[in-house]
Amino acid sequence: MYEHVDPFIGTGATELPTPNGLAGTWWWPKPQVGNTHPGAMHPFGMVSATPYSGAYPTGYGLYDFNTEGVPGQLYDRPVASGFTHFQQSGTGAIRKYYNYFRVTPMLGPLDDLGTTWDLLDEVAEPGYYAATLSSGVRCEVTVGPKSAVHRYTFPANDAARIVIDASTGGLAIPHSQTVPLKAHLAMLQPGVAQGEIHVEGVPLAVHLEVDAPGWRQALWYDRRLMPGGTRLDFDYIRPTTLRPFGLIFMGPSRAEQTVEVRLGFSLRGCETARDNLHTDVGRNQATFAARRDETAATWRDHLGKIEIKAESDDQATVFGTALYHSLVKPCFAPDESPWTTEGPYAFDICTMWDIYRTQLPLMTTLFPERSVALANSMLSICEQEGNLPIGYRMAKGADRFSRQGSALAHTFLADLCQLDLPGIDWDWAMVHLEMDLRRTYGEDYLVHGVAHPISHTLDLAYAYHCTAAIARKVRDRTLAQQMSDLAHGWRAAYDPGTGLLRDSTFYEGGRWNYSFRLLHDMRARIAMAGGDEAFVGLLDRFFGYGAAPVTQPGVRPNVAEMDAGYSLYRFEGLNNEPDYEAPWSYHYAGRPDRTAEVVHAAIANQFGTGRGGLPGNDDSGGLSAWYVWATLGLFPVAGQNLFLVSAPAVAESTIRLPESDLSITTTGLEPVEAGGPVSYVQSIAVDGKTLERPWISGRELRHIRNLHIELGPRPSGWGTQIRPPSTSDPLHTAGGEA
């Protein structure tokens, strides 16, 4: 899928055709922008590099801080003041996102640093970005796992410069600058320098090599050169005393002269940063082309894990880009943890409350060794900080996101344990899993039987179910029973009179958005709502069956406009993540036909090409991974080692799994188009054997060679009798394995 990736998708405000049919009744309250960036990234790599305008939230682009509706603009065209490193992907709401060590090619005096130039002729491919500044400098960046390489092509000029600003960070909007706590820089030899800044409790070191023979180099402070100086040291820095500082390389340039800047990074000091650079790019000059080719080859391998027979070039582009966005986070930085512990380390585990449903199961399916490394990294973080992270950036403090969700790592770890993936000490894991359930909202759950926001009650009950499964694996029957008993607490979150969650506060969304999560006991949850018919009635209302089309919020929507939208109690059309799972709730009520209708409406209406091709924040690939799964006709029930099966959006696909290739083939598929017909599952065969149930296990998925789905224009009886498993089933394994 490499050739079909467009890294610009999601970098602009949502610009999709007016939704058609069912999708026209959905309401989008959250930011209508993907919040992605087109910069150079390595699959699951530590480093990214992108042009820096200072805009929200990645540092790239046009937009101001935004939490609702269409984002307002800071700029009317793409601009940049240089190129920065370390960016989030698709997230929102947090104002300070990295963007350290800005590199700026200049033709003017140092006083011009911070000037923004127009970005012309932008090009982006996986692992590569290029543009020409309106100053006339052509700029290219690529990255390795722990490094970045820049190449600048200058016009003829007597005073060309490469300026590295070590003081900048964060975003150029109010209250969003990241101030280093302390820093040091050192010139080592011609063209070679090192430095380290301490940001949010973490030391970030850089080793820098500049290939510009004959150019002068110097340190600078407060935009003034320090001739003859070889070190800058700051023992402490306050926002009120911060003055910009950094390095400069300068000299005359010939027309079309290229200058290469190589940066290695580490959280373990400058010497390790140097070693990381040389590991990634070698010790030779002019390494840009080789590093670009190697990163491209890695992307080709990763993106080749799934192939589809697309109906159109646009569908191939949307799918290829969705797969790409699903494989950029978390950032793996082995042997780089701030505590100097050896082994796996990862950051940008953001946002766990989005990615645990879709993106992490995709990573586990395609790259199980990555998931094992992430699991061990999270356990190490817990060992040092006392809690399993809900979100974890390149900063100490893993508890800052606890309001968003509780105990989500338990879901991720349960899938790994049930797949019997090697490399995790499950007895060690159990210690942290059990203790983490007693923290913050977990205490309310234990003492009062309910935790508010009420979604935490669902999180915790589900985490107890997942932890019970792991306890059974380590043969701790007593603990498994205790966990299973506590897993019943989800019932306290629901009002039997309405079939919905009880009134509470919520992190994003409302009780309707959270009411249709996939629980471990959907059988009992549907019974609490009054049975299949009543539950389907609630879902139909939520998804807008029979409702009139709605108007979406615009720029800076007012309170009345937002209140009117929220009062619809409507599916948020993948613009917001709490109801990612809701379409598949129909499966548990014997209505897989409704799942197909909603999912196909979302695929056809909510995703497109171009910068405005996403309906909302991509959330570290959580949204993109949803699209990948939906297109394949599968959906992971995270924590249960289970995949629900529905009508795919492509006639054929191949998933290259570690054990074997899985081909998904169809007959009777109609193109999935806005306003077009829906294809319904008529029957399914697994390696030639009929499958009556609408799900397969994670173990099965790893060994099936062919999943054949016969589709038709009308709903059938398939999937209406045997339901996906629930813990209150007479036999929990009802339906068996294929």
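Since this is a predicted model, take the numbers as computed values, not measurements. We count residues from 1, following the sequence as given.
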Query - Close side-chain approach of Asp729 to Arg523, heavy-atom, < 4.5 Å - result: yes

Report summary line: Of all heavy-atom pairs linking Ala602 and Leu574, the shortest is CB-CD1, 3.8 Å

Query raised in the report: Is it true that Asp532 and Arg723 make a salt bridge, defined as a side-chain N closer than 4.0 Å to a carboxylate O?
Result: yes

Query raised in the report: What's the verdict on side-chain contact (heavy atoms from CB on, under 4.5 Å) for Asn35 and Asp618, showing C-alpha distance, side-chain angles and the deciding distance?
Result: CA-CA 7 Å; Asn35 281 351; Asp618 195 49; over 6 Å; no

Requested in this report: Report the distance from atom CG of Leu458 to atom CH2 of Trp490, rounding to the nearest 0.5 Å.
Outcome: 9.0 Å

**Report entry** Glu700 to Arg693 - nearest heavy-atom pair and separation
**Finding:** OE2-NH2, 2.9 Å

Requested in this report: Check whether the side chains of Ser697 and Asn641 place a donor and an acceptor atom closer than 3.5 Å, and report yes or no.
Outcome: no

Report summary line: Rounded to the nearest 0.5 angstrom, the CG-OH distance for Leu303 and Tyr324 is 9.0 Å

Report task. Indicate whether the side chain of Glu307 and that of Thr654 have a donor and an acceptor atom separated by less than 3.5 Å. Result -> no

**Report entry** Close side-chain approach of Ser585 to Met522, heavy-atom, < 4.5 Å
**Finding:** yes

Query - Sequence-distant partners of Ala582, side chain to side chain contact (heavy atoms under 4.5 Å, CB included), two or more places apart - result: Phe516, Phe542, Phe543, Asp579

Report task. Over 60° means perpendicular and under 30° means parallel, so classify the ring planes of Tyr462 and His465, tilted if in between. Result -> tilted

Query raised in the report: Under a 4.0 Å N-O cut-off, is there an ion pair linking Arg438 with Glu443?
Result: no

Which side-chain N or O atoms in residues 361-380 pair as donor and acceptor under 3.5 Å with protein atoms at least two apart or in another chain?
| from | atom 1 | to | atom 2 | distance (Å) |
| --- | --- | --- | --- | --- |
| Thr364 | OG1 | Leu360 | O | 3.0 |
| Thr364 | OG1 | Ser371 | OG | 2.7 |
| Thr365 | OG1 | Pro361 | O | 2.8 |
| Ser371 | OG | Thr364 | N | 3.3 |
| Asn376 | ND2 | Val372 | O | 3.2 |
| Asn376 | ND2 | Gly423 | O | 3.0 |
| Ser377 | OG | Ala346 | N | 2.8 |
| Ser380 | OG | Asn376 | O | 3.1 |

Requested in this report: Dump the intermediate steps for side-chain contact (heavy atoms from CB on, under 4.5 Å) on Val598 and Trp584, then the final yes or no.
Outcome: CA-CA 9 Å; Val598 173; Trp584 278 269; over 6 Å; no

Requested in this report: Would you give the length of the straight line joining atom CG of Leu446 to atom CG of Leu486, rounded to the nearest 0.5 angstrom?
Outcome: 6.0 Å

Query raised in the report: Does the side chain of Arg517 come within less than 4.5 Å of Asp459's, by heavy atoms?
Result: yes

Query raised in the report: Does Thr358 reach the main-chain N or O of Gly622 with its side chain, forming a donor-acceptor pair under 3.5 Å?
Result: yes

Query raised in the report: Which atom pair, heavy atoms only, marks the closest approach of Gly449 to Ala492?
Result: O-CB, 3.6 Å

Query raised in the report: Under the side chain to side chain donor-acceptor pair (under 3.5 Å) rule, what pairs show up with a residue in residues 627-638, not counting sequence neighbours?
Result: none

Requested in this report: Measure centre to centre between the rings of Tyr2 and Trp299, then say whether the value is under 6.0 Å.
Outcome: no

Query raised in the report: Where the side chain of Ser48 meets the backbone of Gln87, is there a donor-acceptor pair that is under 3.5 Å apart?
Result: yes

Query - Any donor-acceptor N or O pair under 3.5 Å, side chains His587, Thr595 - result: yes

**Report entry** Any side-chain heavy-atom pair of Leu388 and Ile381 under 4.5 Å
**Finding:** no

Query raised in the report: For Thr295 and His42, does a side-chain donor sit closer than 3.5 Å to a side-chain acceptor?
Result: no

Query raised in the report: Measuring from Arg656:CZ to Ile306:CD1, what's the distance to the nearest 0.5 Å?
Result: 10.0 Å

Query raised in the report: What heavy-atom pair brings Thr666 and Val650 nearest, and what distance separates the two atoms?
Result: CG2-O, 4.0 Å

Report task. Could you walk me through whether Trp718 and Tyr680 pass the ring-ring contact (aromatic ring centres under 6.0 Å, His included) test, one step at a time? Result -> CA-CA 9 Å; Trp718 176 86; Tyr680 300 95; over 10 Å; no

**Report entry** Set of residues satisfying side chain to side chain contact (heavy atoms under 4.5 Å, CB included) with respect to Asp687, sequence neighbours excluded
**Finding:** Ile704, Arg705, Asn706

Query - Side-chain heavy atoms of Arg403 within contact of Tyr441, under 4.5 Å - result: yes

Query raised in the report: Would Arg393 and Asp348 pass as an ion pair if we require N to O under 4.0 Å?
Result: no

Query raised in the report: Under the side-chain contact (heavy atoms from CB on, under 4.5 Å) criterion, do Arg591 and Thr720 qualify, and how do the steps go?
Result: CA-CA 6 Å; Arg591 292 298 303 272; Thr720 61; 6.0 Å; no

Query raised in the report: Does the side-chain contact (heavy atoms from CB on, under 4.5 Å) test come out yes or no for Tyr464 and Cys466, once each step is laid out?
Result: CA-CA 5 Å; Tyr464 275 112; Cys466 291; over 6 Å; no

Query raised in the report: Is Ile696 close to Leu691 at the side-chain level, that is, under 4.5 Å between some pair of heavy atoms?
Result: yes

Requested in this report: Determine the interplanar angle of the Tyr345 and Phe347 rings, folded into 0 to 90°, and report it as parallel if under 30°, tilted if 30 to 60°, perpendicular if over 60°.
Outcome: tilted

Query raised in the report: Does atom CD of Gln721 have more than 12 heavy-atom neighbours, drawn from other residues, nucleotides or ligands, at distances under 6.0 Å?
Result: no

Query raised in the report: Between Gln640 and His520, is any side-chain donor less than 3.5 angstrom from a side-chain acceptor?
Result: no

Query - Minimum-distance pair of heavy atoms, taken over all atoms of Gln606 and Pro615 - result: O-CD, 2.9 Å

Query - From Arg502 atom CZ to Ser515 atom OG, the distance as rounded to the nearest 0.5 Å - result: 11.5 Å

Query - Closest heavy-atom pair and its distance - Ile390, Ala407 - result: CD1-N, 3.6 Å

Query raised in the report: Do Trp626 and Gln359 have side-chain N/O donor and acceptor atoms under 3.5 Å apart?
Result: no

Query raised in the report: Would you call Glu577-Lys30 a salt bridge at under 4.0 Å N-O?
Result: no

Requested in this report: Apply side chain to side chain contact (heavy atoms under 4.5 Å, CB included) to Ser683 and list each qualifying residue two or more places apart in sequence or on a separate chain.
Outcome: Glu710

Query raised in the report: Which residue pairs pass the salt bridge (charged side-chain N to carboxylate O under 4.0 Å, His left out) test with at least one member in residues 468-492, sequence neighbours excluded?
Result: Asp420-Lys473

Query raised in the report: With a 4.5 Å heavy-atom cut-off, do Val637 and Leu644 have their side chains touching?
Result: yes

Query raised in the report: Hey, are the side chains of His410 and Leu437 touching, using non-hydrogen atoms and a 4.5 Å cut-off?
Result: yes

Query - Value rounded to 0.5 Å, distance of CD in Gln404 from OG in Ser455 - result: 10.0 Å

Report task. State yes or no: are the ring centers of Phe571 and Trp512 separated by less than 6.0 Å? Result -> no

